[in-house]
Structure formats: structure tokens, C-alpha cells
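Below, each value reflects all heavy atoms present in this structure, side chains not excepted, and no hydrogens, waters or symmetry copies.
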Amino acid sequence: MAGEETALIARRLEGARGVARPRPPYPTDHGLWDAPTVVNNVETLAAVPWIIRHGGAAHARRGVPGESGTKLVCLSERFARPGAYEIELGTTVREIVTRYGDGLKDGRDLVALQIGGPLGGFLAGNALDVPLTSRALADRGAALGHAGLVAFDADTDPRELLRHVWEFAADESCGACSPCRLGTRRGLRLAHDRGAPGEAYERLARLMGEASLCAFGRRVPAAVRSLARAYGTALAGWDR
């Protein structure tokens with residue numbers, strides 16, 4: 001896992017092992033070769049020419065106060081109109097699903113929606129009246145992330161989806177800290193058990209959420225929790 005900014009600097013630029021570093025200090029103070037470094041993604045940099053051409057005030061009028069601008073939203077293959085769309089921040093998830101995605105193919109019902117990447121979180125198909133902003137999604141236990149929307153219909157087994165989340169987390173953990181390195185594997189073993197996870201999982205989720213070195217490990221229990229809420233009784237016990 002080299003997506004976290006300090007791991008990205010170490011792996012891709014310094015040639016070291018791609019693991020997250022404790023923060024502070026932050027890369028803006030001590031980054032590449034211990035020099036101040038700002039890490040931004042291509043989407044952020046692509047907005048710069050538009051801002052220079054039209055001005056910061058015009059950019060601030062797009063989106064909502066506090067979260068201005070637009071976001072590239074990718075709709076998965078289960079949508080009637082899959083693809084990438086540039087959406088103003090603040091647009092409701094329901095409008096994105098219905099207006100841009102035109103619902104699901106063959107008129108299938110949307111049961112759950114994954115947003116923001118494998119650990120971004122999940123929304124129930126009947127709970128999409130939430131603005132596409134970091135704050136609003138966080139209130140629902142999800143994260144904006146890269147804003148990819150992956151749709152799931154009734155053909156998806158929620159237990160399989162749960163195992164997939166834990167498999168991804170275990171595979172992508174950089175291994176720098178024990179709560180994430182060992183916790184993701186413990187979570188995967190629990191996910192393969194058909195029973196309810198019980199108190200063991202409650203302790204594991206609390207440990208990962210509080211003690212993981214970076215946001216990757218801390219997001220895993222939150223993503224699982226949002227998945228359990230989206231599917232209700234089908235994943236009872238995982239909403240801790």
C-alpha cells in the first residue's frame with residue numbers, strides 16, 4: 001500500500017520501503033529528503049488552469065461553502081450509463097445515481113452503494129439523499145475518497161462483500177503497524193466465520209480505529225460498519 005502520502009514519497013521517490021510514517025511531522029514540514037513537500041493528485045492539479053483562467057471567486061461559487069469545486073465521479077458497470085462524470089460538490093448521491101447513471105441496468109433495484117473506494121464506505125440503496133461532500137458523507141460513516149460509485153443489486157451476497165473488504169484491507173496493508181497488519185488478517189478470519197463476530201471483533205475494531213498508524217487502518221472498521229448498516233440484519237454484529 002503506497003497510496004498514503006508519506007508511503008508514496010518513500011516508495012516512489014526515495015526508493016525506500018513504501019510504509020506510512022508517523023505524523024507529525026507532516027510532509028509539508030519534512031517530506032521528500034526531509035524537505036517541505038506538498039503531495040497532490042492529478043485531479044487537484046488539473047483544476048489549477050481553470051482557476052487561473054476564471055479566478056478563485058468563480059471556482060468558489062461551484063460546489064458548496066467550505067467544499068467548493070467539482071469532483072470526478074466514476075460509475076461502475078452495473079449502472080445503465082457507467083462512466084466518469086464531473087459533478088459539482090454538494091450534488092446529492094441520489095441525483096448522481098438517477099440523473100447521470102440512469103439507475104441500474106435492466107431496471108434492477110439498487111441495494112447498496114459503495115462510495116469513495118474499497119474503504120470509502122457504503123450507503124443503503126434507499127438512503128441516498130446525502131450531498132456529495134466530505135462532511136455529509138462522514139456523517140453517514142462513509143468517505144468521499146476518489147468518489148467512485150460501485151452499485152450492488154440483489155444478486156450480491158453481503159457476506160461475500162464483507163469478505164472482499166477484509167481481503168482488500170489485508171492485501172493492501174503496508175505492515176508498518178501491528179494494529180493494521182495483524183488486525184486486517186484477524187478481521188478476515190472472522191469474516192469467513194458464518195456466525196456473528198461478537199466481542200472479539202468489537203475489541204479489534206476499537207484497536208484498529210484508535211491505534212493504526214495511518215488512515216488506512218483506521219478506515220477499515222468504519223467501512224465495515226457502514227456496510228453492516230447498509231445491509232441491516234444480514235450482517236448483524238458487524239455494526240460495532
Look only at the side chain of [X] and the backbone of [Y], and say whether a donor-acceptor pair between them is shorter than 3.5 Å.
{"X": "Thr44", "Y": "Asn40", "value": "no"}
{"X": "Thr91", "Y": "Glu88", "value": "yes"}
{"X": "Thr6", "Y": "Ala20", "value": "no"}
{"X": "Ser212", "Y": "Gly209", "value": "no"}
{"X": "Glu67", "Y": "Arg135", "value": "yes"}

When you group the ILVMFWY residues by side-chain heavy-atom contacts below 4.5 Å and let the links chain together, are [Y] and [X] in the same group?
{"X": "Val130", "Y": "Val73", "answer": "yes"}
{"X": "Ile87", "Y": "Val64", "answer": "no"}
{"X": "Leu119", "Y": "Leu207", "answer": "no"}
{"X": "Val224", "Y": "Val111", "answer": "yes"}
{"X": "Val93", "Y": "Tyr231", "answer": "no"}

Less than 4.0 angstrom from a charged side-chain N to a carboxylate O is my criterion; do [X] and [Y] meet it?
{"X": "Asp129", "Y": "Arg94", "result": "yes"}
{"X": "Arg12", "Y": "Glu5", "result": "no"}
{"X": "Glu95", "Y": "Arg99", "result": "yes"}
{"X": "Lys71", "Y": "Glu43", "result": "yes"}
{"X": "Arg108", "Y": "Asp155", "result": "yes"}
{"X": "Arg23", "Y": "Glu4", "result": "yes"}

As an exercise, state the distance from [atom1] of [X] to [atom2] of [Y], rounded to the nearest 0.5 Å.
{"X": "Leu128", "Y": "Leu110", "atom1": "CG", "atom2": "CG", "answer": "6.0 Å"}
{"X": "Thr37", "Y": "Leu13", "atom1": "OG1", "atom2": "CG", "answer": "8.5 Å"}
{"X": "Glu14", "Y": "Leu32", "atom1": "CD", "atom2": "CG", "answer": "5.0 Å"}
{"X": "Leu204", "Y": "Arg240", "atom1": "CG", "atom2": "CZ", "answer": "13.5 Å"}
{"X": "Leu162", "Y": "His164", "atom1": "CG", "atom2": "NE2", "answer": "11.0 Å"}

Can you find a heavy atom in the side chain of [X] that is under 4.5 Å from one in the side chain of [Y]?
{"X": "Ile115", "Y": "Val150", "value": "no"}
{"X": "Pro36", "Y": "Thr28", "value": "no"}
{"X": "Pro24", "Y": "Asp29", "value": "no"}
{"X": "Thr92", "Y": "Leu132", "value": "no"}
{"X": "Ile96", "Y": "Leu75", "value": "yes"}
{"X": "Gln114", "Y": "Phe152", "value": "yes"}
{"X": "Asp193", "Y": "Arg189", "value": "no"}
{"X": "Phe122", "Y": "Leu113", "value": "no"}

Over all heavy atoms of both residues, which pair between [X] and [Y] is shortest? Give the atoms and the distance, please.
{"X": "Leu137", "Y": "Pro131", "value": "CG-O, 4.1 Å"}
{"X": "Leu213", "Y": "Arg218", "value": "O-NH1, 3.4 Å"}
{"X": "Arg21", "Y": "Ala10", "value": "NH2-CB, 3.4 Å"}
{"X": "Pro118", "Y": "His146", "value": "CD-NE2, 4.5 Å"}
{"X": "Gly187", "Y": "Trp238", "value": "O-CH2, 4.1 Å"}
{"X": "Pro221", "Y": "Tyr201", "value": "CA-OH, 4.0 Å"}

* To do: Could you please spell out the steps behind the side chain to side chain contact (heavy atoms under 4.5 Å, CB included) verdict for Phe216 and Cys174?
  => CA-CA 9 Å; Phe216 183 90; Cys174 74; over 6 Å; no
* Can Ser178 and Arg181 be said to form a side chain to side chain donor-acceptor pair (under 3.5 Å), step by step? -> CA-CA 5 Å; Ser178 297; Arg181 182 180 68 253; 3.0 Å; yes
* **Arg62 to Trp50 six-membered ring, cation-pi geometry met (6.0 Å, 45°)** => yes
* Could you walk me through whether Ser68 and His59 pass side chain to side chain contact (heavy atoms under 4.5 Å, CB included), step by step? => CA-CA 7 Å; Ser68 59; His59 183 268; 3.8 Å; yes
* **Exercise: do Glu86 and Thr70 side chains pair donor with acceptor under 3.5 Å** => yes
* Inspect the surroundings of CZ in Arg81 and state if more than 12 heavy atoms from other residues, nucleotides or ligands are less than 6.0 Å away. => yes
* Which is it for Met208 and Thr184 under the side chain to side chain contact (heavy atoms under 4.5 Å, CB included) test, yes or no, and what are the steps along the way? -> CA-CA 9 Å; Met208 291 185 65; Thr184 53; 3.8 Å; yes
* Asp153 vs Asp109, side chain to side chain contact (heavy atoms under 4.5 Å, CB included): CA-CA, chis, key distance, verdict -> CA-CA 6 Å; Asp153 56 29; Asp109 289 332; over 6 Å; no
* Show the numbers, then the answer: is there a salt bridge (Lys or Arg N to Asp or Glu O under 4.0 Å) between Glu202 and Arg225? => CA-CA 11 Å; Glu202 292 184 40; Arg225 195 176 301 120; over 6 Å; no
